[in-house]
Amino acid sequence: MIRTHEAGTLRPAHVGKTVILAGWVARRRDHGGVIFVDLRDASGIVQVVFREELAEAHGLRNEYCVKVTGEVRERPAGNENPELPTGAIEIVATELAVLSEAAPLPLPVDDHVDAGDDVRLKYRYLDLRRSGPAKALRLRSSANQIARKVLHERAFLEIETPTLTRSTPEGARDFLVPVRLQPGTWYALPQSPQLFKQLLMVSGMERYYQIARCYRDEGFRADRQPEFTQLDIEMSFVTQDDIIDLGEAIVGALWGELAGYTVQTPIPRLTWHDAMARYGSDKPDLRFGLELNELTEYLRGTEFRVFAGAIDAGGYVGAVVMPGGAAQTRKELDGWQDWAKARGARGLAYVVLDAETGEARGPVAKNLSADHLNGLADAVGAKPGDAVFFAASANRREAQELLGAARLEIGKRAQLIDPDAWAFCWVVDAPMFEPAEDGGWTAVHHPFTSPNEEWMDRFEEAPDRALAYAYDIVCNGNEIGGGSVRIHRGDVQKRVFDTLGITPEDAADKFGFLLEAFQYGPPPHAGIAFGWDRICMLLTGADSIREVIAFPKTGGGFDPLTGAPTPITAQQRAEAGVDAKPKAPAAAGTAGGAAPVERAG
RNA sequence: GCCCUGUUAGCUCAAUGGGAGAGCGUCCGCCUGUCGAGCGGAAGGCCGCCGGUUCGAUCCCGGCACGGGGCGCCA
């Protein structure tokens with residue numbers, strides 16, 4: 001080692017020692033006769049003092065990489081810096097060696113200044129010299145270690161699966177890789193290791209996990225990147241409760257060690273239907289209350305056409321209260337209409353309750369009967385001075401989701417959310433099916449998800465109501481993990497395919513290799529996948545998963561650092577087989593099969 | 001694919017239908033106790049790109065590109 005100590009570890013106990021440090025010039029304060037340099041390495045910062053004997057220190061510039069020899073000294077009285085862990089001491093330099101110089105910086109390497117995203121990404125290696133971004137990567141490394149420890153203690157095997165695999169057109173869009181040796185054929189990058197982990201259960205591995213890179217070619221967001229990471233887990237001979245217990249052990253260890261927060265277990269569970277009814281979301285943010293109120297029965301018989309139409313169609317009318325919302329200006333109330341329209345709704349009906357009299361006012365109020373208005377406050381739990389927002393639709397879920405989004409927006413605007421709070425829940429008993437565009441049914445989770453015990457023998461009778469052994473874990477309104485019990489019985493699988501309208505031929509074409517494997521004594525198995533980037537984002541307090549990824553891409557899937565993606569040369573194009581014509585239109589088994597993916601992340 | 005929003009000095013951001021600004025950074029000088037040091041000076045700009053309106057456009061209009069946020073998509 002070319003240094004004897006790490007800068008950030010020096011304390012008064014080191015006073016009198018001669019140390020050799022190596023790191024970067026974080027900041028300098030040149031007084032002519034004396035120069036102070038903040039020397040930064042991975043451990044932190046310490047102040048180095050150069051006196052006139054080391055006049056070459058005048059030439060130091062920000063981010064020069066240097067080696068300094070000096071003596072640790074207590075700082076003169078009154079000159080301590082309580083903001084630095086090393087602030088009680090300083091290094092009086094006796095030797096200075098410039099290991100490498102730094103050109104003028106394209107962005108400030110400064111904890112106090114934040115540059116724009118694209119500049120930060122282009123010079124991410126400089127961005128990561130800052131304490132905040134560096135800390136995020138350190139935390140992620142710790143999270144990986146914690147998860148591995150929990151799983152290793154429970155006899156899980158860490159197994160890698162292919163990243164060049166088979167296309168899965170029924171899920172998200174795949175990223176495709178042309179195959180030089182067989183022009184016209186393509187690999188896909190996996191959307192998740194879902195199929196492989198199920199095959200590993202057939203193999204008798206029994207307990208599998210992987211910190212797996214996954215790829216999905218869809219729109220990107222603050223919490224979605226084209227490549228992302230899942231902590232992927234699968235177990236044999238277990239029930240839903242076993243997976244939930246394991247999930248709680250992992251989440252408990254992560255939050256305990258990295259957030260100093262004791263997760264209360266068991267983590268509350270609510271059913272998917274309860275989550276939708278009470279919070280208008282399948283990933284409810286439980287940091288605040290403000291539950292939705294269904295008014296379908298209360299308002300039955302109303303003459304207000306918007307509500308009556310939804311009720312008569314067998315739909316839903318509901319409301320959510322905005323505490324103090326009556327104080328909003330007309331402009332703010334109109335703003336809600338734009339907000340709702342941006343979400344594809346027609347608008348957001350509301351009444352405001354007069355702060356003095358409690359009288360209901362607003363454009364909708366004159367459409368409601370006196371009885372309906374008089375009982376409204378009690379029906380929705382509103383007080384004078386509140387606003388009540390309504391949603392009505394023939395489609396129950398649509399109306400609930402609008403109210404759920406309004407609830408979140410109210411939570412933000414009315415500052416009902418404690419930013420330091422952690423609120424976990426499991427959302428269980430998700431529906432197996434939802435209506436498909438063609439009038440049939442499509443799998444909500446994926447077609448290998450088992451119906452729960454209640455519906456095992458009769459899900460065909462009411463596919464719209466059948467429930468699955470599928471579960472999501474939610475933290476502060478973010479889905480951080482999800483999984484299911486898988487179907488391992490051929491007869492059940494066949495019935496599910498029948499309900500989905502998948503013929504045996506389709507099934508063989510799409511999932512043939514998995515179904516074949518399931519002919520050879522597949523064990524009952526279940527699993528879960530955690531959205532690792534999101535979890536690390538929450539644990540670091542970041543507002544984008546980009547902060548916990550070493551070299552992330554922009555929203556357009558562009559990497560400002562490397563410039564990827566790039567055009568290819570004519571020779572690369574010729575060799576890659578990109579332009580090869582398919583030999584025959586989609587022979588059986590080569591058309592690519594739909595592969596289910598775990599929903600987390 | 002759609003909506004909102006931004007793009008002005010290396011970075012962060014002002015301003016204006018007619019002469020382009022600040023802070024930080026950079027370069028030069030001064031300075032022995034600072035800690036986002038201070039003081040003085042200097043350099044540094046296709047005002048994102050293309051087109052239109054106008055006597056004249058960084059500013060107004062249209063298109064495009066790129067960034068950010070959201071919807072759809074992912075599920």
Side-chain angles (χ1 to χ4, degrees), chain A residues 26-39 45-53 58-59 61-63 73 75-84 86-87 90 92 102-123 126-127 168 170-174 191-192 214-226 228 272 282-283 335 338-345 397 401-402 405 408-409 430-431 433-434 436 442-446 449 470 472 479 482 484 531 543-544 546 553-558 560 596-601:
Chain A
R27 190 168 279 121
R28 65 213 154 76
R29 296 172 290 280
D30 187 341
H31 290 236
V34 61
I35 303 167
F36 301 98
V37 165
D38 289 342
L39 182 77
I45 284 177
V46 71
Q47 172 166 283
V48 180
V49 185
F50 295 93
R51 300 213 169 267
E52 287 174 272
E53 310 84 76
H58 288 297
R61 293 294 178 268
N62 282 343
E63 299 306 317
R73 198 184 67 177
R75 290 199 189 189
N79 283 343
E80 303 86 357
N81 184 348
E83 294 183 11
L84 285 181
T86 60
E90 61 192 5
V92 181
L105 299 164
L107 81 169
V109 177
D110 186 333
D111 286 349
H112 299 92
V113 182
D114 221 353
D117 268 40
D118 45 348
V119 181
R120 288 182 57 204
L121 296 195
K122 179 166 184 184
Y123 299 99
L126 294 178
D127 186 45
T168 60
E170 280 191 9
R173 265 186 291 277
D174 287 315
Q191 297 180 23
S192 83
C214 307
Y215 307 85
R216 294 180 193 174
D217 185 8
E218 295 293 346
F220 310 132
R221 294 283 169 71
D223 64 350
R224 291 202 320 237
Q225 285 264 302
F228 62 97
W272 185 93
D282 58 3
K283 46 179 181 177
D338 297 334
W339 174 89
K341 282 171 188 157
R343 239 148 261 268
R397 183 169 174 180
E401 284 179 343
L402 179 62
L408 283 181
E409 192 63 28
F433 307 103
E434 60 190 353
T442 184
V444 169
H445 193 70
H446 59 57
T449 299
D472 287 343
E479 182 198 327
S484 65
D543 51 14
S544 165
R546 284 195 277 269
K553 293 175 177 58
T554 67
F558 179 71
V597 294
E598 210 83 89
R599 292 170 66 208

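Below, chains carry the letters A, B, ... as their sequence lines are ordered, and counting in each starts from 1.
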Quick one: the side chain of A:R28 and the base of B:C35, do they pair up donor-acceptor inside 3.5 Å?
no
Residue set satisfying side chain to side chain donor-acceptor pair (under 3.5 Å) with A:D38, at least two apart, ordered chain then number -> A:R29
Please state the P separation for the pair B:G51 and B:C59 - nearest whole angstrom.
-> 13 Å
Of B:A75, B:G36, B:U32, the nucleotide closest to the side chain of A:H112 is B:G36
A:E63 CD to B:G25 P, in whole Å, measures 14 Å
Given B:U32, is OP1 or OP2 found less than 4.0 Å from the side-chain N or O atoms of A:R29?
no
If we take the C1' atom in both B:G52 and B:G17, what is their distance in whole Å? 15 Å
(Q) Within the 4.0 Å heavy-atom criterion, would you say A:A222 contacts the bases, only the backbone, or no part of the nucleic acid? (A) sugar-phosphate
| message | Using atom C1' in both nucleotides, what's the gap between B:C61 and B:U53 to the nearest angstrom? | response | 7 Å
Considering every strand and a 4.0 Å limit on heavy-atom distances, what is the contact class for A:R546: base, sugar-phosphate, or nothing? sugar-phosphate
- With a cut-off of 6.0 Å (strictly less than), are more than 12 heavy atoms of other residues, nucleotides or ligands near CG of A:D543? no
Check: Quick one: does A:R61 reach the base of B:U26 with a side-chain donor-acceptor pair under 3.5 Å?
Finding: no
Residues passing the salt bridge (charged side-chain N to carboxylate O under 4.0 Å, His left out) test with A:K553, sequence neighbours excluded, are A:E227
Report each atom pair, protein N/O against N/O of nucleotides 43-48 of chain B, whose distance is under 3.5 angstrom.
none

Pairwise C1' distance, B:C66 and B:C39 [rounded to whole Å]:
41 Å
Residue set satisfying side chain to side chain donor-acceptor pair (under 3.5 Å) with A:Q225, at least two apart, ordered chain then number -> none
Rounded to whole Å, NE2 of A:H446 lies from P of B:A75 at a distance of 11 Å
Provide a list of protein-nucleic acid N or O atom pairs under 3.5 angstrom, restricted to nucleotides 9-13 of chain B.
from	atom 1	to	atom 2	distance (Å)
B:G10	O2'	A:P106	O	2.6
B:U12	OP1	A:G116	N	2.6

Distance between C1' atoms of B:C2 and B:A9 (Å, rounded):
35 Å
In numerical order, the residues of residues 76-83 of chain A whose heavy atoms come under 4.0 Å of RNA chain B are A:P76, A:N79, A:E80, A:N81
By side chain to side chain donor-acceptor pair (under 3.5 Å), A:D110 pairs with (sequence neighbours left out) A:R27, A:H112
Looking across every strand, which nucleic acid part, if any, lies under 4.0 Å from A:E90 by heavy atom: base, sugar-phosphate, or nothing?
base
Output field dot_bracket for RNA chain B (Watson-Crick or G-U, both distances under 3.5 Å, | for other-strand pairs) contains (((((((..((((....[..)))).(((((.......))))).....(((((..]....))))))))))))....
**Message:** With rounding to the closest Å, how many angstrom separate the P atoms on B:U8 and B:G68?
**Reply:** 15 Å
Mind checking the P distance from B:C73 to B:G1? Whole angstroms is fine. 16 Å
For A:E52, the salt bridge (charged side-chain N to carboxylate O under 4.0 Å, His left out) test, sequence neighbours excluded, returns none
Residues passing the salt bridge (charged side-chain N to carboxylate O under 4.0 Å, His left out) test with A:R73, sequence neighbours excluded, are A:E90
ask   = Taking atom types as they are modelled, is there a donor-acceptor pair under 3.5 Å from the base of B:C71 to the side chain of A:R343?
value = no
Atom NE2 of A:H58 and atom C1' of B:C27 are separated, to the nearest Å, by 17 Å
I'd like the P distance from B:A20 over to B:G45, given in whole Å. 13 Å
Notebook entry, point to check: When all nucleic acid strands are considered with a 4.0 Å heavy-atom cut-off, which category describes A:E52: base, sugar-phosphate, or nothing?
Noted result: base
Those residues at least two apart in sequence (or on a different chain) that pass side chain to side chain donor-acceptor pair (under 3.5 Å) with A:H31 are none
Which of A:V113, A:D114, A:L126, A:N62 passes side chain to side chain contact (heavy atoms under 4.5 Å, CB included) with A:P108? It is A:V113
*Sugar-phosphate, base or nothing in reach of A:R397, heavy atoms under 4.0 Å*: nothing
Sorted by chain and number, sequence neighbours left out, salt bridge (charged side-chain N to carboxylate O under 4.0 Å, His left out) with A:E218 holds for A:R173
